[in-house]
Protein chains: 2
Amino acid sequence: MTVTAAQGFTAAGIAAGIKANGNPDLALVVNNGPRLAAAGVFTSNRVKAAPVLWSEQVLRGSVVSAVVLNSGGANACTGPKGFQDTHATAEKVAAALNAHGPGGEHHAGEHNAGEIAVASTGLIGVLLPMDKLLPGIDTAVAALSADGGEDAAIAIKTTDTVHKTAAVTQDGWTVGGMAKGAGMLAPGLATMLVVLTTDADVDGATLDRALRSATRTTFDRVDSDGCMSTNDTVLLLASGASGRVPEYEAFAEAVRTVCDDLARQLIGDAEGASKDIRIEVVGALTEGDAVEVGRSIARNNLLKCAIHGEDPNWGRVLSAIGTTRAAFDPDRLNVAINGVWVCKNGSVGEDRDLVSMKDREVRITADLATGSESAVIWANDLTAEYVHENSAYSS
Amino acid sequence: MTVTAAQGFTAAGIAAGIKANGNPDLALVVNNGPRLAAAGVFTSNRVKAAPVLWSEQVLRGSVVSAVVLNSGGANACTGPKGFQDTHATAEKVAAALNAHGPGGEHHAGEHNAGEIAVASTGLIGVLLPMDKLLPGIDTAVAALSADGGEDAAIAIKTTDTVHKTAAVTQDGWTVGGMAKGAGMLAPGLATMLVVLTTDADVDGATLDRALRSATRTTFDRVDSDGCMSTNDTVLLLASGASGRVPEYEAFAEAVRTVCDDLARQLIGDAEGASKDIRIEVVGALTEGDAVEVGRSIARNNLLKCAIHGEDPNWGRVLSAIGTTRAAFDPDRLNVAINGVWVCKNGSVGEDRDLVSMKDREVRITADLATGSESAVIWANDLTAEYVHENSAYSS
């Protein structure tokens with residue numbers, strides 16, 4: 001059910017002392033081959049963390065032999081020193097893995113830093129404690145195991161209350177993965193920290209195509225709090241260890257299923273949230289219109305508060321739609337909340353007292369009545385707990 | 001200090017029973033001339049309330065003899081019936097004023113509905129109780145007085161805790177005004193309900209020019225909660241009663257001063273807010289870039305929570321800047337909080353512990369280090385009280 005569900009991977013998660021509270025904070029995922037194919041998508045925030053800048057370069061080669069991830073510090077907005085620290089981390093991982101012996105019998109070559117991806121999460125604007133992180137890498141390498149995926153998923157948590165893993169197996173090959181993310185959760189291209197692995201025998205270009213296709217309709221359609229991270233990273237590594245070469249469609253669907261599962265887990269564990277909101281925009285002229293409208297609804301603080309209060313305040317949905325550039329006629333808009341069409345033709349529809357909002361999941365359907373395209377965006381409500389958690393995060 | 005500070009205007013504010021709690025909910029402002037010049041700006045939300053659609057038509061003629069405003073219901077998303085109700089309201093005001101006698105000795109002509117502006121505020125998606133509103137108009141007409149501006153300002157309050165008025169007098173002429181607004185406070189063009197009056201002898205085109213110039217850098221740069229209203233209306237009426245014809249620049253500056261004063265009062269009374277945040281973006285290539293960056297910072301929920309917690313979490317400022325299309329180099333960004341440059345060249349700057357955030361007003365300066373343009377956006381923090389107030393508003 002995680003990054004070691006696929007053959008050819010070992011992983012570890014340990015406490016290096018980066019977090020003051022002593023919780024696990026360093027994860028390592030190693031691809032033991034025979035293939036070392038990889039693809040990645042990263043935040044579209046123009047302020048990018050040092051590990052994102054580093055890993056983007058690594059992924060240009062479509063070869064990744066290991067991923068090192070730390071929680072307890074984002075290493076974002078840390079200047080040249082922060083980038084040097086990321087570089088040093090990759091060098092240390094390569095050296096430790098080489099000292100430990102090759103990652104597996106299929107991996108004859110030595111590890112080198114240019115094939116080590118790095119990901120970090122935590123507070124922005126603080127340098128990482130390298131005196132703790134670097135020795136932690138030795139500890140993590142010594143702990144590597146084919147059962148280490150769970151520990152790795154635990155070590156990348158920040159404000160997550162649970163660790164997130166998923167896997168799909170079919171026809172002798174597997175796609176598995178892990179994710180972290182609970183706040184600053186509104187990806188522009190990819191999101192959060194996610195590592196996916198597969199033992200299917202797939203090349204880098206195919207991985208890239210399947211990954212971009214999957215993230216576009218899963219992680220990219222999560223908008224918990226409207227805040228785009230500086231550190232979003234999604235990696236997909238293939239070991240080829242199953243010896244199976246899947247059909248592209250079946251493989252892409254498996255990647256999509258794992259991404260969808262992890263994305264849904266992220267929403268379910270969002271900071272302070274009491275509701276998961278599924279916003280489906282239908283009747284749009286284009287898919288882009290549907291996404292723009294869905295995201296505008298997802299980011300409307302007044303609506304998020306109303307949903308927290310179990311108040312089917314559909315006027316706030318219309319006021320959010322009205323701020324977009326999507327094609328629609330205000331007098332033809334329809335809105336349903338949990339299946340009750342409380343707004344018809346831009347005006348009062350069915351009785352709002354028919355809407356029950358007791359369950360954690362709330363479904364909003366916005367019908368633009370203009371075309372036949374649609375999209376689903378997932379969001380959360382806005383709560384006093386979110387305010388509390390995020391007013392004290394860095395203190 | 002309000003809409004009756006200028007000569008030539010009478011006003012009233014009464015309780016018509018639109019609000020269930022019996023508070024004042026109907027305001028009337030009458031221009032007794034000799035001039036009946038007017039200008040208006042309205043929400044750019046594409047979902048517009050019936051009174052906005054009505055008043056936009058009225059203002060095309062640049063003549064307004066009276067403005068009727070109600071709280072207790074926005075009359076937005078109410079379909080054809082809602083528009084008929086607005087029309088009936090204007091007709092009733094004209095008839096009641098004509099029955100009452102001409103508004104003043106200078107106003108020989110009869111009132112007609114096409115010169116009556118209507119504004120509404122309150123819950124979206126509910127029809128107004130016309131059986132209470134229409135008789136209330138008779139009561140308001142009977143209560144009209146040259147001292148009625150204060151009552152009018154009180155009657156347009158919704159979640160406002162205080163009523164908002166302002167006035168500037170110079171060279172024998174006055175610009176005064178009133179405003180309401182505490183939530184759904186992020187204008188796209190104008191904002192909230194605002195009525196400004198002047199006894200200067202100014203024509204409609206000049207009023208329009210001065211009003212658009214003023215709102216562009218005052219109400220349009222308020223972004224309390226990122227939610228654009230369906231009902232935003234700002235009107236400026238001129239009676240000419242002072243007989244003075246001011247220089248354009250002096251007049252425009254007076255209008256801007258009154259708008260700025262009222263806009264600042266709106267931020268100071270925003271729902272649940274504990275901080276007023278002045279975001280100044282400097283070093284921008286264009287003013288548009290400065291506004292886009294300022295608004296992105298203003299709408300970042302994580303930053304708004306941090307400021308509530310008096311936490312100088314500048315990383316959240318950078319993550320917000322990074323989502324914009326403005327011209328900047330991430331490695332040259334500088335951010336100050338209350339004068340302390342906590343971020344220099346995109347990285348760690350002065351010690352964040354030097355920042356004191358005890359006062360209600362918090363100043364953020366974001367230097368894009370690219371050009372010489374700037375803009376100021378006003379925002380509020382995000383609090384548990386905001387969540388509470390808006391999770392129970394329509395129930």
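Letters go in sequence order (proteins before strands), and every chain restarts at 1. Bear in mind the structure is a predicted one, so any value in this text is a computation, not a measurement.
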Inset, instruction - With a 4.5 angstrom heavy-atom cut-off, could you sort out which part of Leu303(A) is near chain B: side chain, backbone, both or neither? - result: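 The answer is neither part of Leu303(A).
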Inset, instruction - Assess whether atom CZ of Arg360(A) is packed by more than 12 heavy atoms of other residues, nucleotides or ligands within 6.0 Å. - result: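 More than 12 within 6.0 Å, yes.
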Does some side-chain heavy atom of [Y] sit less than 4.5 Å from a side-chain heavy atom of [X]?
X: Val47(B); Y: Ser319(A); value: no
X: Asn390(A); Y: Leu382(B); value: no
X: Thr323(A); Y: Arg46(B); value: no
X: Asn301(A); Y: Val387(B); value: no

Inset, instruction - Give the member of Gly125(B), Pro330(B), Gly349(B) that has the highest number of heavy-atom pairs under 4.5 Å with chain A. - result: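 Heavy-atom pair counts peak at Gly125(B).
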Inset, instruction - Drop me the distance from Asp381(B)'s CG to Ser391(A)'s OG, to the nearest 0.5 angstrom. - result: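 Going from the CG atom of Asp381(B) to the OG atom of Ser391(A) covers 9.5 Å.
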Inset, instruction - Mind checking the OH-CG spacing from Tyr386(B) to Leu302(A)? Nearest 0.5 Å is all I need. - result: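 Spacing of OH (Tyr386(B)) from CG (Leu302(A)) equals 3.5 Å.
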Below 3.5 Å, can you tabulate the donor-acceptor pairs from side chains in residues 340-347 of chain A to any protein atom, sequence neighbours excluded?
from: Ser347(A); atom 1: OG; to: Thr78(B); atom 2: O; distance (Å): 3.4
from: Ser347(A); atom 1: OG; to: Gly79(B); atom 2: N; distance (Å): 3.3

Inset, instruction - Go through the atoms of Leu127(B) and report whether side chain, backbone, both or neither lie under 4.5 Å from a heavy atom of chain A. - result: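 No part of Leu127(B) comes within 4.5 Å of chain A.
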Inset, instruction - With a 4.5 Å cut-off on heavy-atom pairs, point out which of Ala320(A), Cys305(A), Pro80(A) contacts chain B the most. - result: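 Most heavy-atom pairs within the cutoff with chain B belong to Cys305(A).
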